[in-house]
2 protein chains.
Amino acid sequence: MNDEQGMKAAMQAYIDHFNAADPEAIVRLYAEDATVEDPVGSPVRQGREAITEFYRMAVQTGARLTLAAPIRASHSNAAAMAFDVQLTMPEGPSVIRVIDVMTFNDAGKFQSMQAYWGPSDMESLAD
Amino acid sequence: MNDEQGMKAAMQAYIDHFNAADPEAIVRLYAEDATVEDPVGSPVRQGREAITEFYRMAVQTGARLTLAAPIRASHSNAAAMAFDVQLTMPEGPSVIRVIDVMTFNDAGKFQSMQAYWGPSDMESLAD
């Protein structure tokens with residue numbers, strides 16, 4: 001089982017690597033056969049190639065992530081965090097409010113990521 | 001599929017019923033055969049009887065729930081929320097930082113609840 005502080009550090013590194021626009025560093029947090037479901041309800045991406053492609057596109061949006069509350073752990077190999085995504089949409093500055101749930105393998109890598117957000121969690125900050 | 005606002009309203013009702021110390025109202029938000037895993041990594045409770053017993057004990061602690069960030073929906077029958085649990089432990093006022101993930105059945109009832117929190121998410125607010 002992963003220790004809580006190790007899982008929280010990996011979650012924080014995810015935020016930091018995203019904000020550094022470093023998709024390769026993000027992908028190194030993932031297991032080789034990991035899955036990404038972002039948003040929950042969309043097709044699941046599996047494996048480092050698909051996940052790398054996803055994050056290369058994601059960081060190209062110029063989005064920045066800010067924790068909305070401290071990262072939560074669990075009594076298992078899982079952790080969760082609420083954060084806000086600031087990005088510029090065609091209509092101007094916007095925010096997407098997200099909760100990510102990660103599970104971890106025994107090596108401390110993300111085995112799965114699920115991102116909870118829907119259209120109602122996107123808000124334009126333009127006047 | 002549930003609409004996002006309906007799922008968010010059920011999540012908010014969960015908070016409100018908890019703070020009203022009304023376990024029966026909480027349990028009416030759940031499907032008959034629902035499951036509760038609180039915290040994630042502990043034994044799963046299934047069915048209204050087990051879930052009712054759980055919430056009767058939970059509200060007896062006098063705990064109060066406060067959202068830490070707006071409730072998130074998804075592109076599926078699932079939603080998530082980050083909240084803080086204020087309660088009085090033997091050592092004094094304390095907070096537990098939690099993220100709940102609910103899935104919904106077609107009738108808009110909670111089919112499953114998973115609560116992400118670990119020992120590192122409990123903090124004493126006493127001096």
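In this text the structure is predicted, and so the values were computed from the model without any measurement. Within every chain, numbering begins at 1; the chains are lettered A, B, ... in the order of the sequence lines, protein sequences first and strands thereafter.
In this structure, B/M81 is a member of the same hydrophobic cluster as B/M113, with clusters built from ILVMFWY side-chain heavy atoms closer than 4.5 Å. Tracing side-chain contacts under 4.5 Å through hydrophobic residues (I, L, V, M, F, W, Y), one reaches B/L29 starting from B/F18; they form part of the same cluster. Side-chain heavy atoms closer than 4.5 Å link hydrophobic residues (I, L, V, M, F, W, Y) into clusters, and following such links, even through other members, never connects B/M102 to B/Y116. Taking hydrophobic clusters as Ile, Leu, Val, Met, Phe, Trp and Tyr residues chained together by side-chain heavy-atom distances below 4.5 Å, B/F83 shares a cluster with B/I96. When hydrophobic clusters are built by joining Ile, Leu, Val, Met, Phe, Trp and Tyr residues whose side-chain heavy atoms come closer than 4.5 Å, directly or via intermediates, A/V101 is not grouped with A/I15.
Scanning for salt bridge (charged side-chain N to carboxylate O under 4.0 Å, His left out) contacts around A/K8 gives B/D121, with sequence neighbours left out. Applying the salt bridge (charged side-chain N to carboxylate O under 4.0 Å, His left out) test to A/E24 and every residue at least two apart in sequence or in another chain returns A/R56.
Closest approach of A/S120 to B/Q5, counting heavy atoms only: CB-NE2, 3.5 Å.
For A/A73, the parts lying under 4.5 angstrom from a heavy atom of chain B are both the backbone and the side chain. Residue contact with chain A, scored on non-hydrogen atoms closer than 4.5 Å, is absent for B/Q114.
For residues 31-53 of chain A, the interface with chain B (any heavy-atom pair closer than 4.5 Å) comprises A/P39, A/V40, A/G41, sorted by residue number.
Contacts classified as ring-ring contact (aromatic ring centres under 6.0 Å, His included) and involving residues 47-74 of chain B (residues at least two apart or in different chains) are given here: B/Y14-B/Y55, B/Y30-B/Y55.
Formation of a donor-acceptor pair under 3.5 Å by the B/R72 side chain with backbone atoms of A/W117 is not found in this model.
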